[in-house]
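For reference, the structure is listed below as C-alpha cells.
Proteins come first, then strands; the chains are lettered A, B, ... in the order of their sequence lines, and each starts at number 1.
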Amino acid sequence: MVKEINILEEKINVCLDHEGFNKKPEKKEVREISERIAGITTSISIEELMKNVTIPNARSFTPAVFNEGKRSNQTWKSQQVFALDIDSGLNIEGALKQSAELRVEPTFVYSTFSHSDENHKFRMVYVLDEEIQDLRVRNVIQTALTTLFPSSDKNANDAARILFGGKKIEFVKRGVLSVPKILDGVVQKIRSGSNATREMKRFCKASGLAYFKGYPHYKQVEEKDLPNGEGNTLFISRTKNRTNTINYYSTRVKNSHFSYYLVFSKDSFQEDESYSLEPSSFGEPEVKQVRNFPFDNLQKRCKLYREGTLGDYWLYHSEMFGLMTNLLNIEGGKSKVVEIINSRKEYLTKKEEWSLMMNQIKKMNYAPTRCDTYCPFVGECIHANNMIEQGKLPRGSVQVLQEPEFEEVDIIYKKLEEAFEEIIKNKDQGVYVIKAPTGLGKTEAIVNLAQENNFSIALPTHKLKDEVSQRLNAKKIKHIKVPVLPLLQESFSEKIEHLYNIGAYRTVNKFLRQIANENEDVSNFLQDLEKVKSSKRELLLTTHQRAIFTNDDSNSTLIFDEDPIPSLFPIYQMKVSDLVFAFTKLQDNEVNKDVIITLQNGILNAPVDIVQERSSFLLPSVKDLEQTIVEESTVSSNVLGFLNCDYFIKKKIHNTDYIFFIQRNNLPLTKRSSF
DNA sequence: GCGTTAGTCCCTCCAGCTAA
DNA sequence: TTAGCTGGAGGGACTAACGC
C-alpha cells in the first residue's frame, strides 16, 4: 500500500519577516523589511507558511534564501518556492483551469491586498520537490512559469524578490512539482499553440536552455542513463544529491524523484547572458528499436498493455507516458500506441496532447520506463524490468523473478548436519531428500556423520568414490568399497561394452563368471563384490549405478551424494532403423512374433514429436528375449532398455527417425534412501 | 481540388555475425 | 552448432506538403 503523506506538513526554507500587516506595506516599511528579511531564514511547513502570509498575519517573505544575510541576486543561495503574481488578464478560476490542463498546479494561491471580486489579483505559489541551488536552474523554472502564464507580472521574477503577505488562501493542492514536470507543461503549451518552433526557440533563449530537435534540451532519466561528466552547459540532478526533498506519491504508484539533466546553451553561463541558438552540442545517444517483437507475448504477460489496447483501462497521463516510452522503442510499436489512443472515444480530447508527447519521446530518445515506476498493476504480476523485457527477453539476459534469500554458510551447514542426524536416527523406511546448494560441504557432512554411524554412501562415479575413501582414511574411519571392474583384454571389454549397450546387464554378470576361471583380476573383482554383498553393518562406499541395481543387505540406510535422478531415469536414444532391425531378428522366435510385429508397427506409425505410450500389455518376456538379442551380435542398440520403458517419443533429426525413451529404475525398496 | 513528390512507418527478406 | 540478432535493401501503405 502506498503511503500518502501530508505534503503541507513538509518543511521548506524561506526568509519570513516577523512583522505582519493588514494592508500593503508603505515604502518606508518596505525598506525596513528589505534590510532585515535576508537575515531571517526560516524552516517552516507549507501549512505554516500559508497561515503566515495571509490575514491576520500577512507577513512578507522571500522564496529564496541568501548568503551573508544580504538580499540580492548575487547572494542568492537556494530556493524551493516559486511564485507568480497575476494582476490582470486572468481570474483565479481561469488560472487554475489552465494549471490543471498543463499539470503544473500551484501548491497554494492567495489573494493580495488589492484583490476584489471584480479585479482578481493573486499570487500562485509553487513548491518544488527539491531545493534548487543552481541559479541557472532557478531562472529556467521562473521563465517556464511565466511562459505558462504570460499574464503574470514580468517585473516580479528576479531571484531576490520580496513577496508581501495577502488577504486569504484561495486554493490549496496537496502536491509539489518537479523541474521536468514544469518543463513538460511548457512544451505542451508551446507545441499546441501557433508558431510552435519560433516560440520554442524564444523560450530556450529566455531560459538559457539549449534547443534540441525542436525542444528545450532536458530529459528525465534513470540514474544509470545519466550522461557522464558535468560541464558548463550540462546540469545533472541526481536523486541522491538533492537537498530538502519532498517525497510525494501520486495517487497510484511511486513515481517521484527521477534523475534529470538540463543542457544549457553554450553561452548561457556567461555574465553577459549572450545566447547561441545553434543546436545543442550535447547529442542524445541513438537508441535502436527492438525488432521482431512478439506483441502476442506482451498481450499475455502485461495487464497494462492488454487492458490498454482493449480500452478496458483508463490510462492516466503518467501511465500513457510509460507505455509510450516502451512501445516507441519497439519496431511496430507506434501502431500499437495509435491503437491504444483509439481504444476509447473519451481519449479523443487527449489525442493532440498525446501525439505531441509521442513526438517528444521519439525526438528525445526517451528510454523505456521501468514497470515499477508507473504501472498501476505492478503488484499483480511477476514483471520484468520494463514492458519490452516483459514481452521479449533478449538473448543472454536474465529476468530475476524473485530475489534469492541468503543465509550464513555456517548456519546452513549446521542445518545440513542436523538433517543428516535426523535421518539416521529416524527408523522409518522411505526416501529422504535434502536440497543443499553446491559447495556447501555435503560430502564433508556425510564423512563426519560416518564417524559414529554405519550406512552406505552412493557416489556418482568410481573416481568420487575413491576420493571419499581417501577422506575417510585420513580420519581413520573404517570402511569397505565396491570394486572397480578391472581392465580387460580388448575382446572381453568389447563384448562387455556391447552387452551394456543392448541393456543385457544380466548377461554381463554371467559372462564375467565365465571368464573368472582364466582371469585372476576378474576373479578378485567378483570375490570383492561378494564380500561387499555379504557385509553387515559396515560403512560402505558404492556408486549410484551399483546401489540401484544391486540388492544387498549391508546397511539399512543409503545416502546418495549428488542427485541420483540421472541414474534413476536414464535417457536413451536409438535410430528407428536399428530398432526395426533388432525386431526382425526377434521375430524368428515364434512365441513372440505377433507381439513384436505389433510393437514394430506401433513405432513405425507413431507421429513425430508426440510422446507415445509403449503399450504394456504387448510386453513380451524381456528375460526370454535377452538371450536372443545377446546371441545376435549385429544388434547394437539398447533394445532391452526400450522393451522396459513405458513411454517414448519419435523425433526426426536430419531426415533420420530416432526414438528417445526414459527408463525407470527403482530405489532399493528395503532401505531408507536419502539424497 | 487533384496529381505528384517526399517522408514516415513498418514489414519482409537476405546475409553475415555471434552468444549460448 | 544454431537460433537470435543486426544492418541494409526494398517495397507497400499512408500522410503531408507542394505545385498547378
Q | Side-chain donor/acceptor contact of Arg291(A) with base of dG4(C) under 3.5 Å | A | no
Q) How close or far is atom C1' of dG7(B) from atom CG of Asn359(A), stated in whole angstroms? A) 14 Å
Q. Tell me: CG of Asn292(A) to C1' of dC10(B), nearest whole Å?
A. 12 Å
Q: Using whole Å, report how far CZ of Phe293(A) lies from C1' of dG4(C).
A: 15 Å
Q) Could you give the NZ-to-C1' distance, from Lys336(A) to dC11(B), as a whole number of Å? A) 12 Å
Q. When you check every protein heavy atom under 4.0 Å of nucleotides 15-20 of chain B, what one-letter string (B, S, -) results, 5' to 3'?
A. ---BBS
(Q) For dT8(B) and Lys362(A) - does any side-chain N or O of the residue sit under 4.0 Å from the phosphate oxygens OP1/OP2? (A) no
Q: Take atom CG of Asn329(A) and atom P of dC9(B), then tell me their distance rounded to the nearest Å.
A: 13 Å
**Q.** NE2-CD distance between His462(A) and Gln545(A), expressed to the nearest 0.5 angstrom
**A.** 9.0 Å
Q. Could you state the CD-C1' distance from Glu331(A) to dA9(C), rounded to the nearest angstrom?
A. 13 Å
Q.
Nearest to the Lys334(A) side chain among dT12(B), dC9(B), dC5(C), which nucleotide is it?
A. dC9(B)
Q: At under 4.0 Å between heavy atoms, which parts of nucleotides 10-17 of chain C does protein reach? Answer with one letter per nucleotide, 5' to 3': B base, S sugar-phosphate only, - none.
A: --------
Q.
For the backbone of Leu416(A) and the side chain of Lys442(A), can you confirm whether one donor and one acceptor N or O come within less than 3.5 Å of each other?
A. no
Q: State whether Lys189(A) and Glu101(A) are salt-bridged, where the test is any N-O pair (Lys NZ or Arg NE/NH1/NH2 against Asp/Glu carboxylate O) under 4.0 Å.
A: no
Q. Are any side-chain N or O atoms of Lys650(A) and backbone N or O atoms of Leu604(A), one a donor and one an acceptor, separated by less than 3.5 Å?
A. yes
Q) Short question: side chain of Gln390(A), backbone of Ile382(A) - any donor-acceptor pair under 3.5 Å? A) yes
Q) So does Glu223(A) have more than 12 non-hydrogen atoms from other groups sitting under 6.0 Å from CD? A) yes
Q) To the nearest 0.5 Å, what is the distance between OG1 (Thr146(A)) and CD1 (Ile141(A))? A) 12.0 Å
(Q) Between Arg370(A) and Asn386(A) (side chain of the first, backbone of the second, donor and acceptor by atom type, cut-off under 3.5 Å), is there such a pair? (A) no
**Q.** Whole-Å gap separating C1' (dG4(C)) and NZ (Lys392(A))
**A.** 8 Å
Q: Is it possible for you to check whether Arg136(A) lies under 6.0 Å from the centre of the six-membered ring of Phe235(A), through NZ or CZ, and within 45° of that ring's axis?
A: no
Q. Starting at CG of Asn297(A) and ending at P of dG4(C), how long is that distance when rounded to a whole Å?
A. 12 Å
